[in-house]
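Notes to accompany the following structure.
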Amino acid sequence: MLNSLRKRRLVFVIVLIVSALLAGLLIICALQQNINFFFTPSQVMAGEVKVNTRIRLGGMVQKNSLIRKEGLEVQFQLTDFVKQITVTYTGILPDLFREGQGAVALGYLTQENMFFADEVLAKHDENYMPPELSHIVKNKDKKE
Amino acid sequence: MAPEIAHFALILSLCLTGLQFLLPTIGILKEKAIFIRIASPLALGQSFFITLSFLLLFFTFAQDDFSVNYVASHSNAALPLFYKLSALWGGHEGSLLLWAFLLSIWTIAFSFLARHLPLLFFTRVLIVLGMIQFGFLLFLLATSNPFLRLLPHYPIDGADLNPLLQDFGLIIHPPLLYMGYVGFALPFAFAISVLWGAEKALPWAKWMRPWVLIAFAFLTIGIALGSWWAYYELGWGGWWFWDPVENASFMPWLVSIALIHSLMLSSKRGLFQGWTLLLSIVVFSLSLLGTFLVRSGVLSSVHAFANDPKRGVFLLIFLSMGVGGALLLFAWRAKAVISEANPTQDADTIKVELLSRETAILIASALLSVSTASILLGTLFPLAYDAFTGKKLSVGFPYFNRVFLPLIIPVLILTPLGPLNQWGPNPLNIIIKRIYWIILVSVLLAIGMPTVFTDHITWQVILGLALGYWIILGTLKSFIEKIQKRRGISGLSLGAWGMTFAHLGIAVIVIGITLVSHYQIERDVLIKLNQNLSIANYVIKFQDIQPIEGSNYIGYRGHFIVKRRLISKPEEKNHLPTMQEFNDPNQYTKVAELFPEKRIFVVQGTRMTETAIDPGLFRDIYISIVDQLPGEKWAARIYYKPFVRWIWLGALMIAFGSFLAAIGRRMRTKAMV
């Protein structure tokens with residue numbers, strides 16, 4: 001017979017292990033569906049992205065590329081100074097979204113290399129940008 | 001002069017903190033009383049100089065001394081004085097100084113309020129606090145000095161504060177949040193002191209509890225303020241984003257809940273002392289990790305600052321030394337402490353049963369720890385993945401909901417079960433007799449209320465509401481039973497009051513989150529002047545829009561009239577009234593006039609959305625105007641957010657409850673001494 005303190009420890013350890021296992025399962029399922037890889041327009045054009053998988057597409061918003069369509073629909077181009085991709089988005093763009101500055105679009109690529117975004121993030125302030133984007137900007141500076 | 005004096009004061013206090021941990025350590029090892037007693041005066045001394053340096057930095061901001069780099073890059077002559085305060089901790093250097101300043105406040109509070117503790121224990125805590133402070137000051141001076149000058153060429157005016165941060169909530173959010181973060185240094189120091197000393201039968205859990213409760217209360221308010229700020233300031237009505245930085249504050253919050261409850265087990269029942277010590281170490285480690293994640297710039301988030309990698313490396317070393325050292329000490333000494341602390345309690349003399357308050361607390365604390373680990377994994381996974389493969393990815397926010405919710409629901413079920421059960425054995429049939437009607441009523445209410453008041457209902461709503469009602473009814477039931485047992489409400493301890501408030505607060509949050517997530521209506525629209533728009537039971541008219549000018553911005557101010565439909569027929573739900581109907585007071589009654597603004601900040605050229613909210617206990621009407629589009633149309637967000645305030649209200653209740661419990665404990669310890 002186990003005495004009761006041992007029993008309690010056992011219960012505690014079992015709960016810990018079972019919940020950790022449960023969490024592990026949940027994590028694996030949830031991760032598989034909710035990981036969004038980051039790509040640049042060049043990578044997309046090189047065919048690295050499967051059609052209809054959710055990704056993050058990052059780049060600078062091409063100058064003079066923003067077109068307003070019906071209602072809240074907009075179209076703009078994201079560029080990494082090598083290739084560009086046309087992004088379509090319906091909704092309100094963030095305050096910090098500007099042509100000539102960095103943005104990240106979350107969404108899906110279509111067969112025709114069009115990108116449908118359901119979320120657009122813009123850089124937060126003059127000093128800060130998502131690390132993925134600062135990459136692109138640094139490369140650009142190197143080239144210039 | 002002020003920045004130089006402040007800089008000097010900071011160096012002085014670095015030296016004093018060095019002495020604060022070195023001399024007493026020697027004192028303890030060599031058993032020299034004078035070196036032991038010097039800890040407290042040294043702590044006061046270093047705190048004084050940090051405070052001085054902090055005040056002088058504010059003075060520098062108030063003076064608009066733009067020759068100081070930090071002031072020049074975060075402030076502006078046109079910035080109102082109270083926003084200069086938020087500019088002070090709006091950047092990396094200032095926020096670190098705030099960290100050190102708050103740690104010195106905690107240190108002072110400890111050295112005055114904990115005088116009754118045994119001298120050696122007390123001194124060891126001060127030594128650990130001194131070490132932490134030393135590390136931070138070293139970091140501050142070596143990599144992030146806020147007092148550096150831009151000489152001889154300095155700007156005439158500053159670069160201005162990020163307009164997002166020019167807000168009342170952001171003046172008080174960082175200090176409160178940090179007060180919580182930094183406060184967890186105390187349980188950490190207590191734990192180290194316990195492990196280091198390994199003295200017999202110290203009631204350390206009793207001593208530690210009020211400090212944890214107070215730090216927890218601050219952290220709760222800090223997190224709630226951050227969420228509230230994001231809700232009204234970011235202009236899109238979200239209140240939680242699972243942003244890495246939010247996670248960084250949420251993880252210590254979750255583990256500190258586990259710690260508070262496990263402290264009860266250790267102090268009242270002498271159980272699981274090792275686990276409690278481990279949790280105290282983990283909570284502060286997570287606070288440090290949070291600071292590292294936010295300040296090192298490895299994360300993409302609103303809170304991260306432009307950064308140089310030196311800082312990240314320093315923090316990482318500091319973090320791994322502190323956490324690693326503490327965990328090693330734990331591995332080495334825990335066994336000795338636990339058996340030393342309970343010489344009489346061997347396994348056979350304690351009677352513990354499966355159905356008891358102890359078990360409820362233990363299971364909940366295991367689940368809280370596991371759910372924290374899953375959040376940690378989701379937060380760090382992108383970093384680790386990038387480090388190993390060089391590929392960038394992000395973990396989307398559905399991950400957190402899908403992993404966290406299933407793990408936290410059992411904890412919510414256990415919340416009222418702890419207080420409802422006694423310590424020790426509880427016969428199953430008696431428990432069932434006491435609670436079966438609570439379960440029944442909760443479920444019935446959870447199905448009934450949405451059926452009556454809304455037009456659709458999902459199982460998630462029923463689950464969320466049932467959990468909320470279950471916690472409320474269960475907590476009230478145990479509250480009433482306690483009153484009956486003590487023969488009157490005056491017999492209740494402040495601790496019992498605090499627990500009741502905090503648990504009810506949890507229920508309020510659960511209900512708020514459930515209702516706002518399922519019944520909110522968010523409409524992103526294009527709207528013209530004089531156009532009407534229907535949302536839930538309200539009709540909103542775009543009355544007017546005018547240009548405005550503020551002290552450091554220009555922009556537009558819209559004018560919206562919000563009216564409530566008096567006769568609500570289901571088929572008329574989306575009916576847009578004619579002008580005549582809209583003006584008929586028998587059909588529509590005015591609830592509010594809202595004036596959302598669009599601001600363009602002149603100095604940085606940043607555009608900002610200033611939302612207008614008609615707040616209510618049961619719903620918010622939330623309007624922000626975003627953009628002017630061709631054809632005299634405006635893009636606007638018009639949102640209906642039912643019960644959203646309950647989230648922050650619940651958080652306040654939790655914080656209030658913890659303060660009560662902390663004070664209660666304090667009064668009792670005083671009475672004993």
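Convention: sequence-line order gives letters A, B, ...; per-chain numbering from 1. Because the structure is predicted, anything quoted here is derived from the model rather than measured.
- Neither the backbone nor the side chain of B/Phe400 comes within less than 4.5 Å of any heavy atom of chain A.
- Neither the backbone nor the side chain of B/Lys633 comes within contact range of chain A; no heavy atoms are under 4.5 Å apart.
- Only the backbone of B/Ala636 comes within less than 4.5 Å of a heavy atom in chain A; its side chain stays farther off.
- Interatomic distance, CG of B/Asp524 versus OG1 of A/Thr90, reported as 10.5 Å (0.5 Å rounding).
- Only the backbone of A/Leu93 comes within less than 4.5 Å of a heavy atom of chain B; no side-chain atom from C-beta onward does.
- Residue with the most contacts toward chain A among B/Ala373, B/Pro398, B/Ser374: B/Pro398 (heavy-atom pairs, distance under 4.5 Å).
- Ranking A/Val18, A/Ile14, A/Ile27 against chain B, the residue ahead of the rest is A/Ile27, based on heavy-atom pairs under 4.5 Å.
- Residues A/Ser19 and B/Leu407 come closest through the heavy atom pair O-CD2, 4.1 Å.
- In this structure, the portion of B/Phe381 lying under 4.5 Å from any heavy atom of chain A is its side chain and not its backbone.
- Residues A/Val15 and B/Leu362 are not in side-chain contact: their nearest non-hydrogen atoms beyond the backbone lie 4.5 Å or more apart.
- Here the straight-line distance linking atom CZ of B/Phe404 with atom CG of A/Leu26 works out to 12.5 Å at 0.5 Å rounding.
- For a residue to count as touching a neighbouring chain, one of its non-hydrogen atoms must lie under 4.5 Å from one of that chain's; by this rule B/Leu377 touches chain A with the side chain only.
- The minimum heavy-atom distance between A/Cys29 and B/Arg402, with the atom names listed, is CB-NH2, 4.2 Å.
- For A/Leu22, the part lying under 4.5 angstrom from a heavy atom of chain B is the side chain only.
- Between A/Ala20 and B/Val370, the shortest heavy-atom contact is CA-CG1, 4.0 Å.
- Neither the backbone nor the side chain of B/Ser371 comes within contact range of chain A; no heavy atom of the residue lies under 4.5 Å from a heavy atom of that chain.
- Contact annotation for B/Asp627: only side-chain heavy atoms (C-beta onward) come within less than 4.5 Å of a heavy atom of chain A.
- Between chain B and the residues A/Leu16, A/Ile55, A/Leu31, the largest count of heavy-atom pairs under 4.5 Å involves A/Leu31.
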